[in-house]
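Here the structure is laid out as structure tokens; the discussion comes afterwards.
Naming: A, B, ... by sequence-line order, numbering from 1 per chain.
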Amino acid sequence: MNLKSIYQEVILDHNRKPRNYGTLDNANHHAVGHNPLCGDRIDLALHVEGEHINRIAFQGESCAICKASASMMTATVKGKSRSEAETLITEFREMVVGDLDLAGPHHLGRLAVFAGVRDLPTRVKCAILPWHTLQAALNSDAIVSTETAEDSIHTANSKA
Amino acid sequence: MKIVDALLDMNTSPTSELAARYRADFPILNLKVNDKPLVYLDNAASSQMPQSVIDRLIRYQTTQHANIHRAVHYLSEIATREYETARRTLQHFINAREDREIIFTSGTTDAINLVMHGYGRKFIQSGDEIILTNLEHHSNIVPWQMLAEEKGATIRVVPINDAGELLIDEYEKLFNPRTRFVALTHVSNALGTINPIKNMIAFAHRQGVPVLIDGAQAAPHIKVDVQDLDCDFYAFSAHKLCGPTGIGVLYGKAKLLESMQPFKGGGDMIASVTFEKTTYNTIPYKFEAGTPPIAAAIGFGAAIEYLSKIGLDAIAAYEHELINYATEQIITIPGVHIIGNTRTKVAVLSFIIDGVHPHDVGTLLNQEGIAVRTGHHCAQPIMQRFKIPATSRASFAFYNTKAEVDTLVEGIHSIQKVFS
């Protein structure tokens with residue numbers, strides 16, 4: 001596989017051994033993210049106290065890019081404040097649609113490994129689904145679909 | 001079954017050379033994708049165009065274009081003649097009795113919607129039943145659901161077995177006095193299954209029920225004879241037959257077409273118009289409102305001429321050889337499962353790899369220059385039947401080679417390595 005591949009070791013590792021995978025007993029925020037085009041489904045639960053995301057967990061069926069994105073997202077936002085999480089959501093979204101200059105200041109850290117997705121327009125939704133779901137959970141929307149999200153224009157619809 | 005004839009034919013004439021002989025006709029097949037030679041295995045979604053068809057489109061636009069059926073000038077007469085010649089080429093291709101039974105549409109979806117509006121909305125009433133199958137593409141489900149909702153009619157669905165074959169006993173049991181229409185695919189786009197449509201049509205006719213065949217996936221691979229099949233409607237698209245996008249055909253029996261109401265209103269579909277009353281044109285023009293994609297129709301004719309020179313029987317025999325070769329290779333890879341294992345199928349191979357989502361398969365194969373389709377293939381009921389979200393689908397054409405199958409197999413091996 002070539003070096004430009006999105007399937008770098010860190011993504012494959014998070015796909016193989018997703019962090020924070022499972023359910024949360026005392027969750028007070030919850031959302032389900034769904035991509036009807038490929039069947040990806042992310043079930044996200046958070047325990048938020050005041051402004052802080054104390055605990056977070058996800059489960060679901062999805063491709064490697066989506067699962068690794070969810071895993072790394074949960075590992076990153078755990079212990080962060082709402083506003084820090086909101087910033088990450090915005091930056092992540094800008095990065096995967098190619099609107100973020102990674103050379104400039106940002107807070108994404110190793111999440112930058114997903115930058116390559118911008119060259120795979122059909123896979124942008126896979127990477128972004130967990131983040132939409134996080135936004136929905138923080139807003140207390142119960143269900144989010146990639147087909148109503150504003151980034152849906154970046155995904156080529158499939159035809160047979 | 002035509003496949004059987006083709007196979008018998010294969011014993012006397014070796015077909016392995018087919019791709020080698022015709023591949024050079026397709027300039028796009030010389031492309032490199034991600035620095036690898038393109039291996040195009042997404043023919044069920046859309047096939048590629050040979051140089052002769054590209055040239056025909058250019059010749060039309062550079063020397064023959066004007067609007068058809070309108071003016072008396074030189075170009076309009078030539079354009080009209082070429083457009084109508086294409087119609088007759090399509091008529092002979094599927095052995096329709098008359099050229100007026102060939103209606104140009106924008107594609108298979110448009111053709112099915114035409115029948116839904118023109119026939120369904122006129123003749124199907126509340127309480128009536130429409131039979132579909134579990135193998136349908138969304139384009140042969142959704143229009144009928146829209147009609148059923150509008151009219152208060154009911155959709156009945158023919159189930160399939162684990163091999164992806166229709167259960168014909170169940171089909172026959174679905175008929176009752178309220179059954180008014182059958183809409184059925186000739187070949188499954190997701191699995192490749194060839195349905196025994198001739199017998200199914202005969203059964204429906206014995207109950208007095210007309211049948212529409214979605215031929216989008218069959219026409220490129222199997223010789224179609226609408227008189228022999230005795231179907232009432234047959235729909236297919238040019239772009240799966242080495243032709244342009246935006247054009248397709250609805251074949252309909254003349255009597256039925258005449259009994260139907262128009263689908264779209266506009267120019268060319270009228271005999272006379274006043275503000276009090278409009279008289280509709282005769283078929284096929286009644287269903288061809290507005291300026292059609294003239295170049296595309298003529299390109300469609302050129303594509304059919306190209307394919308007819310090779311011969312659909314030779315194509316079917318070679319593709320059968322290719323799918324057998326691919327199936328033998330892929331079935332032996334541990335952790336890879338083929339979905340749709342019927343023996344009567346076209347060269348479509350739907351598969352899943354344990355532990356790897358089909359979208360990852362598609363992206364990784366693309367990095368090797370291999371184009372496959374991944375997803376639900378606009379056939380979600382099939383995915384639900386097999387309890388999977390999606391598959392990867394390699395679909396072959398006569399210009400694909402066994403060496404390309406080998407590249408696909410290597411690609412699958414390297415994906416398994418990445419995900420191990």
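If you take CG on A:L120 and CD on B:Q367, they are separated by 7.0 Å, rounding to the nearest 0.5 Å. Considering SG of A:C126 and NE2 of B:H357, their distance stands at 7.5 Å, rounded to 0.5 Å.
In this structure, A:R123 and B:D360 approach most closely via the heavy-atom pair NH2-OD1, 3.0 Å. Nearest heavy atom pair, residue A:Y7 against residue B:H359, reads OH-O, 4.2 Å.
Both the backbone and the side chain of A:I65 come within less than 4.5 Å of a heavy atom in chain B. Residue B:S420 touches chain A through its backbone alone, counting heavy-atom pairs closer than 4.5 Å.
Enclosure of atom CG in B:D35 is not indicated, since only 12 or fewer non-hydrogen atoms of other residues, nucleotides or ligands lie within 6.0 angstrom. Other residues, nucleotides and ligands contribute only 12 or fewer heavy atoms inside 6.0 Å of the CD atom of B:E149. The neighbour count for B:Q384 CD, taken as heavy atoms of other residues, nucleotides or ligands under 6.0 Å away, is above 12. More than 12 non-hydrogen atoms from other residues, nucleotides or ligands lie less than 6.0 angstrom from CG of A:N26. The 12-atom threshold is exceeded at CZ of A:R19, counting heavy atoms of other residues, nucleotides or ligands nearer than 6.0 Å.
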